[in-house]
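Below, chains carry the letters A, B, ... as their sequence lines are ordered, and counting in each starts from 1.
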Amino acid sequence: MDRIDASEAREHIEMVAQILADTEQRLCAGGEFFVVWGLFSGCITLLVHFVSKGALAPQAIWIGAALFVAALVFSVWRGRALRASVARRSLVQREFFNVLWLTLGLAFVANVALFNIFSGIASAAIWSFAEAIVLLYIGMHGNRRAQVCGITVVVSMVVANFTRGDVTAYALAAGMIAGYGGFGVAELLTPE
Amino acid sequence: MDELLLSKIRLSVIAELLTSDWIAFSELQRSLDVTQGNLGAHLSKLVEAGYVDEQKSFVNRRPLTQYRLAPKGRAAFVAHVHQLQSLLG
């Protein structure tokens, strides 16, 4: 059997350590998802609010459904394209997608099956909560932009909590668009 | 000592795959700066040993080969590094 001496062993260990240090641990494979879903969640929050206060006809809710389908179709299409073109996908990235789908999936369940518990503006706040978790999870892995945007979403929820009427909906929508969508824009503008 | 991992290129491949889910052949070649034939030969040995999983597909009608570290490869790597460390005392 081939053997190696101590100096070679040291060289091998140092090489492995260097590779591990150099291995990129990027989390986001495309800010466009954040832009699309940030804009969608902000718009749907305002749409539902205006429908519930009678400023818009109830039929306007179908615009929200159409936007949802459009955002979903875009995400699936773009996700498939990225999956095929990304040359390296880290374990951290895979873990992030698990957290993303779990969080957004639970928010979706809260909206469609728990609407008696999370009624009115609470259903929008659930999305803010989910978006804050996703952003702060990315932030935990060292992404400063995600930390700032996650805090923006949290602040928008606090502001919404201490305001009334239209301002509550505006605050949540602003948090979604500026925080979640804004993070997407920041990622797209950041050079690789 | 794991004979398969005594090669610096094969050890580097395992280290590259350690924190990744799937890596394309071209990306491994870029990272390790080795020739296509050399890397292909080393990867074949790792796949044969069950250390690495290989997945072939087509993207935009072009072939794409990706690799992932198998549990057997991960265990072998950990044991090998322990042995290297024990050599250092």
Side-chain angles (χ1 to χ4, degrees), chain A residues 1-30 32-33 74-102 134 137-138 140-143 191-192, chain B residues 1-34 39 45 53 55-71 73-74 76-89:
Chain A
M1 184 180 14
D2 284 326
R3 300 289 302 180
I4 57 174
D5 58 30
S7 72
E8 282 176 300
R10 186 184 305 280
E11 198 184 315
H12 282 204
I13 286 177
E14 282 172 359
M15 182 191 72
V16 167
Q18 188 60 49
I19 289 172
L20 293 178
D22 291 345
T23 307
E24 222 176 347
Q25 293 289 308
R26 283 203 67 207
L27 262 183
C28 289
E32 55 266 54
F33 298 104
F74 171 81
S75 298
V76 171
W77 168 75
R78 190 72 187 123
R80 290 180 76 156
L82 276 176
R83 180 181 277 255
S85 65
V86 169
R88 179 194 290 263
R89 202 174 64 187
S90 69
L91 291 174
V92 174
Q93 184 82 47
R94 189 176 68 181
E95 202 57 39
F96 162 67
F97 280 121
N98 290 340
V99 171
L100 179 83
W101 293 121
L102 264 176
V134 170
Y137 181 84
I138 299 170
M140 277 169 58
H141 287 85
N143 188 320
E192 293 257 339
Chain B
M1 208 61 75
D2 191 317
E3 277 189 71
L4 214 51
L5 300 182
L6 287 174
S7 149
K8 280 180 87 171
I9 293 181
R10 286 195 291 271
L11 186 62
S12 302
V13 168
I14 298 285
E16 286 282 346
L17 294 173
L18 205 64
T19 56
S20 296
D21 193 9
W22 289 99
I23 305 185
F25 182 92
S26 55
E27 171 69 6
L28 273 176
Q29 196 189 344
R30 189 192 63 77
S31 294
L32 301 175
D33 197 22
V34 287
L39 179 60
K45 287 184 181 178
D53 293 327
Q55 179 181 269
K56 289 176 186 258
S57 59
F58 281 90
V59 177
N60 300 326
R61 296 181 186 174
R62 297 178 69 178
L64 173 73
T65 309
Q66 292 176 300
Y67 296 90
R68 180 174 70 175
L69 188 60
R74 188 174 293 273
F77 174 82
V78 171
H80 184 71
V81 169
H82 275 306
Q83 283 173 321
L84 289 177
Q85 284 170 331
S86 66
L87 255 182
L88 300 177

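- Chosen from A:Arg94, A:Gln18, A:Glu8, the residue pairing most often with chain B at heavy-atom distances under 4.5 Å is A:Arg94.
- Other residues, nucleotides and ligands contribute at most 12 non-hydrogen atoms within 6.0 Å of the CG atom of B:Asp33.
- In terms of heavy-atom proximity, B:Leu87 sits nearest to A:Ala6 at O-CB, 4.1 Å.
- The heavy-atom pair separating B:Lys8 from A:Met15 by the smallest distance is O-CE, 3.5 Å.
- Annotation: the span from A:His12 atom NE2 to B:Leu88 atom CG amounts to 11.5 Å, rounded to 0.5 Å.
- Contact count versus chain A (heavy atoms, under 4.5 Å) is highest, among B:Arg68, B:Glu27, B:His80, B:Gln85, for B:Glu27.
- Proximity to chain A is absent for every atom of B:Ser57, based on heavy atoms less than 4.5 angstrom apart.
- Nearest approach of B:Val81 to A:Ile13, heavy atoms of both residues: O-CD1, 4.5 Å.
- Contact count versus chain A (heavy atoms, under 4.5 Å) is highest, among B:Leu17, B:Asp21, B:Leu84, for B:Asp21.
- Heavy atoms of B:Phe25 lying under 4.5 Å from chain A are absent altogether.
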